[in-house]
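Computed from a predicted model, the values in this text were never measured in an experiment.
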Amino acid sequence: MSTILKKEMNKFSQRLKELRRERGLTQQGIAGLLNIKQQSYIRYEYGTGEPSLNTLIKLTQIFEVTADYLLGISDDY
């Protein structure tokens, strides 16, 4: 994995965890909303897995943020 890609995945993982905690949600709760296994969601937060496009869209809807923000491309929600 390239250094740039690692940096972006780290930012994605960090923002995902921050957004979940700010909203008082559990990893299990988010996994349920996404209709995926909790372990799959945990991998997103640890940066060892990446969501499908469909899951990424659902995450932006759950957290009410843009994909650019979630992916670390922009600091604007």
| If every non-hydrogen atom of P51 is compared with every non-hydrogen atom of L56, which pair is closest and at what distance? |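 Minimum heavy-atom contact is CB-N, 4.2 Å.
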| Test item: I30 and F63 side chains (from C-beta on) under 4.5 Å apart, heavy atoms |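 Contact flag for I30/F63 side chains = yes.
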| task | Using a 4.5 Å cut-off on heavy atoms from C-beta on, say whether the side chain of L59 contacts that of F12. | result |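 Heavy-atom side-chain distance check passes, below 4.5 Å.
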| task | Determine, for E50 against R43, whether the closest basic-nitrogen to carboxylate-oxygen distance falls under 4.0 angstrom. | result |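 So E50 does not pair with R43 through a salt bridge.
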Mind checking the [atom1]-[atom2] spacing from [X] to [Y]? Nearest 0.5 Å is all I need.
X   : Y   : atom1 : atom2 : value
L34 : T55 : CG    : OG1   : 6.0 Å
I62 : L16 : CD1   : CG    : 9.5 Å
L70 : E18 : CG    : CD    : 11.0 Å
Q28 : K37 : CD    : NZ    : 14.0 Å
N54 : S52 : CG    : OG    : 5.0 Å
Q38 : I42 : CD    : CD1   : 4.5 Å

| field | Test: R15 cationic atom under 6.0 Å from Y69 six-membered ring centre, within 45° of axis | value |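 Ring-cation test returns yes.
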| task | Would you verify whether the NZ or CZ of K17 falls within 45 degrees of the ring axis of Y46 while also being under 6.0 Å from that six-membered ring's centre? | result |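 Yes, a cation-pi geometry.
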| message | Tell me whether the count of non-hydrogen atoms from other residues, nucleotides or ligands lying under 6.0 Å of CD in E22 goes above 12. | response |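 For E22, atom CD is crowded (more than 12 foreign heavy atoms under 6.0 Å).
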| query | So, does S13 use its side chain to make a donor-acceptor pair with the main chain of Y44 at under 3.5 Å? | reply |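 Confirmed, S13 side chain pairs with Y44 backbone.
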| field | Joint hydrophobic cluster, I36 plus L19, side-chain heavy atoms closer than 4.5 Å | value |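 Yes, one cluster joins them.
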